[in-house]
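Have a look at the structure below, then the notes.
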Amino acid sequence: MRNGQSFNLNWKFKDEFKPEYITQKEYDSFENVHIPHTVKEIPYDCFDEFMCGCLSTYVRFFELPALGERRAVVEFEGVSTYYDLYVNGQKAGSHKGAYSTALFDITAYVREGGNRLMLMVDSNTRPDIPPEGDTVDYLLYGGIYRDVTLYILEPAYIIQDLFRYTLNGEEATVFPELLIQNEGEVFQGEVRIELSREGRTVHSFRRPVRVEKGLCHVNLSEEVLEKVERWELDAPVLYEVKAILLQGEKSLDEHQTRVGFRTTRVDAGGFYLNDRKVKLIGLNRHQSYPYVGYAMGKRPQQKDADILKTELGLNTVRCSHYMQSRYFLDRCDELGLMVFEEVPGWGYLGGDAYKEISRNDLRNMVLGHFNHPSIIIWGTRLNESPDDNEFYGEMNRLCKEMDPARPTSGVRWHTNSPLLEDIYSYNDYTPPCPGEPGRGEFMIREQQAVTGLPYKVPYLISEHTAPLNCTKPGDSAMRHERFALYHARVVDKVLTSDDYLGALGWCMFDYNTHHDHSRQEKICYHGVLDMFRVPKWASYFYRSQKDPEEEVVLQPCSVIGRGERSEEVTPFYVLTNCDYIDVTLSGDETRRFYPSSRFPGLKHAPIEVSESDVFWQVFWEGSTIVGYVDQKEAARITCTKNPYLKELDVVADDTELYCDRVDETRVVCTFRDTDGLRMLHHFGIGKIMVEGDIELIGPDTVPVMGGTIAFWIKTKALGRPGEAKVTVSACRPGLADRTVTIRLIEG
Ligand code: GAL
């Protein structure tokens, strides 16, 4: 990307569209909005799923200097789902698809001085545009929900720098391919490539270029970099690359990107990053948020990557089922979180025009996201769509032409599908096997039972566990435990067998959906986190696989008391990375428990607390669980006999936000008992008040769910540094309100 002028602020919006020119007077009925924006805020649940379906108008006024030979190019990174672009009343283009970026050269329509950009956005269900067509299990919302930027460019400018390389030990041979748009005469000049690390130039080279008129692919001849550091999961080294288009010594255009040097390879035995085998363990991620759908900016997008890698300790995420925000992908690069990204699709494949959009999506994804080292697999099939060997063969070829280095895959729910890509990916929702002993565990299928092939191939479980286990934040402890154990069983199985490259659970967090998938609530409660990214116990299973040096995890799947299961309090599992635990239940004798032998593949198997002599007709006393690492006490949970709601904890993910743009952060409020434990089953409400130049996203009175309330706030982008405050009241006598202060700073 290059530096352009952000067009995110100061749009006029109306959720209707009139084709004729809008008069100044009519603008009075328009709303002033900023990007990211959703055409309609929706309630948390139980809404009419079609409420975001409308035609709407977005208008932005802007000034331009005299352009001379220069070009004015506007970029939309994401608008859901279809739009027509008008500049000064003339149609300048249109775009189909909610997840692909589009560039429009609007030079022919602009003038020196005042100009007007207008978008007609169609956010109705569009069965002619992927992923729609079937009963899609997620919402597409609507609106200009990703950044808009204006660029003023010389006639020849760089659209993309595909930084191709091969690696041999520490030596990298690079041969960048530049996509250059040339609106002028044939261009003859040079390109300088500068590679730097943390701002220090480490290498640069120049090549002569000749660029014909139109869109040209310019391949620079090889350059050898003798010593590069590789991008590894625990040390994701990144380099900045600047490509400068030169005429003599005059820079005509500068394009910046970031790269990481690493190799990817698959075979039937595994996935290899830098020639080391690594199991892909992770979750699927949608890009939605409560109330505003897709309309959430940089910080929350980044935070999702942080949660996956740092909080949950995962190494892979699947961008289900479409291209996601560059802020999310950038953060995956920075953290060393591997990404499986795929073209938009869900259960359906349309005719020729539909397929043409998918080809465009594929080009957009591969060319647009080419330099992200975190992306290790391209998904060239539309998720769970029927076979079409001709089309999917072509999609795979197209992808390989653009990027021969990365493995391809395609996600299926059906068996015996011809393998046209490098990896057979399968969403395995095998229901519980009745013959299985225990609490309804199940086994994922052997790969050859799915592929139908007489030999092994690279095979990935691209989804598992939910919807067999929808678990709502306030559900019973048993339900949460079952959900956690399902994840544990699948990961365990995958780690003990070379059949699987890995397993990506369904899914990271709960999400809004259509009635076909959740008739009343319109929520798939399939996440290991709730919609606000607040942990359910299932997420502690993943977290407990981390090294205790990183974080000691001790999470019982129980509130440890009567009234949850039956009169018995045991058995229950503890998700932990401790070597063993000492449990004292209701003042009974202390018993020691070790990791369960039923999960031989896990580094830290859940521990089953299996026996208890604590019966119904005896007094309930306090309990403790103490976890040991290397024979030393590492964590302790104390549950006194008569806890009560004592505290409201309010924590903001960030206490500093930028005041000159829309900047969002999340606030999480936890209701804790006298032992400091989250009160999973507390029913209450919270009232949220904000002061200063910030706004609350969503309603100001909300129910407590699973012992927490969470919400996002955003700046008003007024450009005034200062302080803002968020106060949460639990509306309960004796429980004090809590306030967090947010500093608003200039960026
Ligand atoms: C899969 C699908 C996902 C999600 C999941 C669970 O079939 O790929 O998008 O719908 O089922 O409900």
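Counting convention: from 1, in listed order, for ligands and their atoms alike.
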Original post:
Which ligand 1 atoms does His321 reach within 4.0 Å, using its non-hydrogen atoms?
Top reply: 3 (C), 8 (O), 9 (O)
**OP:** Output yes when a side-chain donor or acceptor of Lys309 lies under 3.5 Å from a complementary backbone atom of Leu233, and no otherwise.
**Re:** yes
**OP:** Check for a donor-acceptor pair, side chain of Glu664 on one end and backbone N or O of Gly297 on the other, with a separation under 3.5 Å.
**Re:** yes
Subject >> Verdict with supporting geometry, Arg326 and Asp147, salt bridge (charged side-chain N to carboxylate O under 4.0 Å, His left out) >> reply: CA-CA 10 Å; Arg326 71 184 152 94; Asp147 292 357; 3.3 Å; yes
Original post:
Can an N or O of His286 be found at a distance shorter than 3.5 Å from an N or O of ligand 1?
Top reply: no
Subject >> Atoms of ligand 1 close to Asn383 [distance to a heavy atom under 4.0 angstrom, numbered from 1] >> reply: 2 (C), 8 (O)
Original post:
With atoms numbered from 1 as shown, which atoms in ligand 1 lie under 4.0 angstrom from a non-hydrogen atom of Asp137?
Top reply: 4 (C), 10 (O), 12 (O)
Original post:
Is the number of heavy atoms from other residues, nucleotides or ligands under 6.0 Å of Asp352 CG greater than 12?
Top reply: no
Original post:
Quick one: does Tyr138 get within less than 4.0 Å of ligand 1, heavy atoms only?
Top reply: no
Original post:
If you count the atoms of ligand 1 from 1 in the order shown, which ones are under 4.0 Å from a heavy atom of Tyr429?
Top reply: 1 (C), 5 (C), 6 (C), 11 (O)
**OP:** Considering the heavy atoms of Asn427, write down every atom of ligand 1 situated less than 4.0 Å from one of them.
**Re:** 8 (O)
**OP:** Would you kindly specify which portion of Asn284 sits under 4.0 Å from ligand 1, judged on non-hydrogen atoms: side chain, backbone, both or neither?
**Re:** neither
**OP:** Assert yes or no for the condition that the ring centre distance of Tyr83 to His95 is strictly below 6.0 Å.
**Re:** yes
**OP:** Heavy-atom distances under 4.0 Å are what count here, so tell me which part of Val411 touches ligand 1: side chain, backbone, both or neither.
**Re:** neither
**OP:** Say whether Trp506 and ligand 1 are in contact under the criterion: heavy-atom distance to a ligand atom below 4.0 Å.
**Re:** yes
**OP:** Could you tell me whether Glu341 and Arg318 make a salt bridge, using a distance below 4.0 angstrom between a side-chain N and a carboxylate O?
**Re:** no
Subject >> Proximal candidate to atom 5 (C) of ligand 1 [heavy atom criterion; set Glu463, His517, His526] >> reply: Glu463
Original post:
Salt-bridged, Asp422 to Lys400, with N to O below 4.0 Å?
Top reply: yes
**OP:** List the steps and the verdict of salt bridge (charged side-chain N to carboxylate O under 4.0 Å, His left out) for Arg412 and Glu384.
**Re:** CA-CA 4 Å; Arg412 300 138 163 97; Glu384 295 190 338; over 6 Å; no
